[in-house]
Structure formats: C-alpha cells, structure tokens
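If you scroll down you'll find the structure; I have some questions about it.
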Amino acid sequence: MHLSHVLNLRGQLADMNTKKFYIAMLLISTVFGAYLSAKVVENFNSKNWPTVSGIVETSHIKQLKKSTNYLIQIEYSYFVNGVEYLNDRFSVMNNGVPHEEAKRLLSKYSKGQQVQIRYEPTNPQASVLEAEINYLLIFVWFVVVILFMYSIYKIWSSCYSENKDTCAKF
C-alpha cells in the first residue's frame, strides 16, 4: 500500500467521524431545542396567565448539591372553577438563587400566607407563583439553536465538498 493511499483512507475515516459527530450534535440539539422551545414559550405565556388567590401550605429552601445556591420549595393550594389544585412550582424554571435571596423569598411565601397564583387557563394544574422572564433560559435556547444550525451547515457542506463519497455512506 502506498503512503498516499493510507493517508487518503485516514482522511476519509476522519471525515466520517466528523460527520457522525455533527449528526449526533444535530440530534441532541433538536431534542434539547424542542424541550427548551416549549419552556421559552411557557415562560413568556405565564406572564399573561390569569391569577387566582391561593394559600401557601409549606415553604422551605434547600441547598443545591455542589453549589452555594438554594432552591425555593413552596407548596400551595388554590381553586379554579370549584376544583382544588395543589402545586409546588415556583416558576417555569425554578433556578437556584443565592442564600439571601432565598431567605427573602421564603419570608414572602411563608406557611398560611395568601398569595396570587398564575395558572394556565387550559390546564389549571400548571401554575406558578412567580412569572418572570428567565434570561438564562433564553440564552441557553439561543446557543442550542446556533449549534443546531451549525451542525446542519457542517453536514450539508461536507456533502458538497470535494469528497462526496463519504456523504453517500450514511
């Protein structure tokens, strides 16, 4: 075997592995992007959901593992159209917050306190205490969309490069 033939085969294998990487990135970004898209839409929509009064049943904070942030855990009950609901969803994406912020929120939502709850009109079980725009969620969604588009570009461009044979092998 000539050295040029070996190098050519090695280049073709590298092209195939690269394409497999971008196909995997495309599949992962598609699934993750679909999930995040639903969360982004829900995040924006929750600001316009109707409100109803409810009662805080339990409230506490829990430190996240391997982090200095805390998770706010508040269980609340409320009625919509005569049906009682119980939920513990603080926001669409309940991210951890620093300890001082967690203590402030905990005092705002103490047990027995009456609170305003936003609920999804078509599914009243879906509710939140705080409907705020989560910019971290939007940023991560944007990054996933960029990865999705980049992987499509890389797959497409490799199929129209000099070596079209590696594209046909998929």
Side-chain angles (χ1 to χ4, degrees), residues 18-156 170:
T18 301
K19 243 182 267 164
K20 287 179 183 178
F21 169 78
Y22 286 117
I23 288 172
M25 188 167 81
L26 176 66
L27 294 174
I28 291 168
S29 64
T30 299
V31 171
F32 197 51
Y35 170 77
L36 288 175
S37 293
K39 288 296 180 185
V40 166
V41 168
E42 185 180 24
N43 190 266
F44 280 107
N45 287 344
S46 67
K47 292 197 66 76
N48 297 317
W49 287 350
T51 59
V52 66
S53 291
I55 300 290
V56 174
E57 302 294 335
T58 63
S59 65
H60 60 279
I61 56 175
K62 178 181 174 183
Q63 186 170 7
L64 295 171
K65 291 180 181 178
K66 299 180 182 179
S67 174
T68 58
N69 285 343
Y70 289 76
L71 190 64
I72 300 136
Q73 296 181 315
I74 301 168
E75 190 173 71
Y76 50 90
S77 61
Y78 57 101
F79 285 88
V80 175
N81 297 326
V83 178
E84 184 176 22
Y85 295 94
L86 185 66
N87 206 339
D88 63 354
R89 199 164 169 212
F90 181 73
S91 63
V92 171
M93 295 294 287
N94 190 6
N95 299 330
V97 295
H99 190 252
E100 290 303 314
E101 176 70 6
K103 286 192 326 190
R104 183 189 70 75
L105 289 167
L106 194 59
S107 68
K108 182 178 175 183
Y109 296 107
S110 58
K111 183 178 178 176
Q113 188 168 356
Q114 188 170 344
V115 291
Q116 286 299 111
I117 296 158
R118 293 188 179 276
Y119 67 93
E120 185 177 350
T122 59
N123 178 16
Q125 179 61 45
S127 62
V128 293
L129 283 173
E130 302 234 342
E132 57 196 28
I133 302 299
N134 187 323
Y135 294 104
L136 178 62
L137 172 67
I138 294 166
F139 174 76
V140 171
W141 174 82
F142 188 68
V143 169
V144 169
V145 168
I146 289 172
L147 290 174
F148 173 81
M149 292 187 307
Y150 184 71
S151 60
I152 287 175
Y153 165 74
K154 292 300 279 185
I155 292 166
W156 181 80
F170 285 99

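Treat the numbers as computed from the prediction; the structure is a model and nothing was measured.
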Notebook entry, point to check: Minimum heavy-atom separation for S77 to L86, with atom names?
Noted result: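 Nearest heavy atoms, S77 then L86: CB-CD1, 4.0 Å.
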
Next item on the list: Quick one: list whatever passes salt bridge (charged side-chain N to carboxylate O under 4.0 Å, His left out) with R89, sequence neighbours left out.
Entry: E42

Item checked: Heavy-atom closest pair, residues V144 and S29 -> CG1-O, 3.4 Å

Next item on the list: Tell me, with the steps shown, if L27 and V31 meet side chain to side chain contact (heavy atoms under 4.5 Å, CB included).
Entry: CA-CA 6 Å; L27 294 174; V31 171; 5.8 Å; no

Check: Roughly how far, to the nearest 0.5 Å, is CD of E130 from CZ of R118?
Finding: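 R118 CZ to E130 CD: 10.0 Å, rounded to 0.5 Å.
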
Check: Is there a side chain to side chain contact (heavy atoms under 4.5 Å, CB included) between I117 and L129 once you walk through the steps?
Finding: CA-CA 5 Å; I117 296 158; L129 283 173; 3.8 Å; yes

Notebook entry, point to check: Can you check whether Y109 and Y76 have ring centres sitting under 6.0 Å from each other?
Noted result: no

Next item on the list: Would you name the heavy atoms of G96 and L64 that are closest together and state the gap between them?
Entry: CA-CD1, 3.7 Å

Check: Nearest 0.5 Å, what's the CD1-NZ distance between I72 and K108?
Finding: 10.0 Å

Notebook entry, point to check: Mind checking whether N69 and P98 have side chains closer than 4.5 Å, heavy atoms only?
Noted result: yes

Note to self: Testing L71, L105, L106 one by one against I61 for a side chain to side chain contact (heavy atoms under 4.5 Å, CB included), which residue passes?
What the structure shows: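 One option only clears the test, and that one is L106.
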
Next item on the list: Check step by step if side chain to side chain contact (heavy atoms under 4.5 Å, CB included) holds for Q73 and D88.
Entry: CA-CA 7 Å; Q73 296 181 315; D88 63 354; over 6 Å; no

Notebook entry, point to check: Can you find a pair of side-chain heavy atoms, one from V143 and one from F139, that are under 4.5 Å apart?
Noted result: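 They are in contact (side-chain heavy atoms under 4.5 Å apart), so the answer is yes.
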
Next item on the list: Would you check if there is a donor-acceptor pair between the side chains of Y78 and S127 at a distance under 3.5 Å?
Entry: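 On atom types as modelled, these side chains qualify, holding a pair under 3.5 Å.
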
Next item on the list: Determine, step by step, whether M25 and Y150 satisfy the side chain to side chain contact (heavy atoms under 4.5 Å, CB included) criterion, reporting the C-alpha distance in whole Å, the side-chain angles of both residues, the deciding distance to 0.1 Å, and the verdict.
Entry: CA-CA 9 Å; M25 188 167 81; Y150 184 71; 4.0 Å; yes

Check: Taking only residues two or more places apart in sequence or in another chain, which ones pass side chain to side chain donor-acceptor pair (under 3.5 Å) with K103?
Finding: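 So K103 forms a side chain to side chain donor-acceptor pair (under 3.5 Å) with E100.
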
Next item on the list: Report the distance from atom CG of L36 to atom CG of L137, rounding to the nearest 0.5 Å.
Entry: 6.0 Å

Notebook entry, point to check: What do you reckon, is CZ of F32 surrounded by more than 12 foreign heavy atoms closer than 6.0 Å?
Noted result: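 No, not enclosed.
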
Next item on the list: Write out all pairs satisfying salt bridge (Lys or Arg N to Asp or Glu O under 4.0 Å) with one or both partners inside residues 68-77, taking only residues at least two apart or from two chains.
Entry: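 Every pair satisfying salt bridge (Lys or Arg N to Asp or Glu O under 4.0 Å) with a residue in residues 68-77: there are none.
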
Note to self: I'd like to check the ring-ring contact (aromatic ring centres under 6.0 Å, His included) partners of Y119; sequence neighbours left out, ordered by chain and number.
What the structure shows: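 Counting only residues at least two positions away or on another chain, Y119 forms no ring-ring contact (aromatic ring centres under 6.0 Å, His included).
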
Check: So, do I55 and Q113 sit near enough that their side-chain heavy atoms are less than 4.5 Å apart?
Finding: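 SC-SC contact between I55 and Q113 ruled out.
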
Note to self: Looking at every non-hydrogen atom in both residues, tell me the closest pair between S53 and Q116 and how far apart they are.
What the structure shows: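 For S53 and Q116, the tightest heavy-atom pair comes out as OG-OE1, 3.0 Å.
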
Notebook entry, point to check: Quick one: CZ on F21 to CG on L26, what's the gap to the nearest 0.5 Å?
Noted result: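 It comes to 11.5 Å.
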
Item checked: Residue pairs fulfilling ring pair (Phe, Tyr, Trp, His ring centres under 6.0 Å) with at least one residue in residues 35-69, sequence neighbours excluded ->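 Listed once each, the pairs would be none.
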
Next item on the list: Return the set of residues passing ring-ring contact (aromatic ring centres under 6.0 Å, His included) with H99 (not counting sequence neighbours), or none when no residue passes.
Entry: Y70

Next item on the list: Determine the minimum heavy-atom distance between S59 and S110, stating which atoms define it.
Entry: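 For S59 and S110, the tightest heavy-atom pair comes out as OG-CA, 3.7 Å.
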
Notebook entry, point to check: Taking side chain as C-beta onward, heavy atoms only, is V52 less than 4.5 Å from F79?
Noted result: no

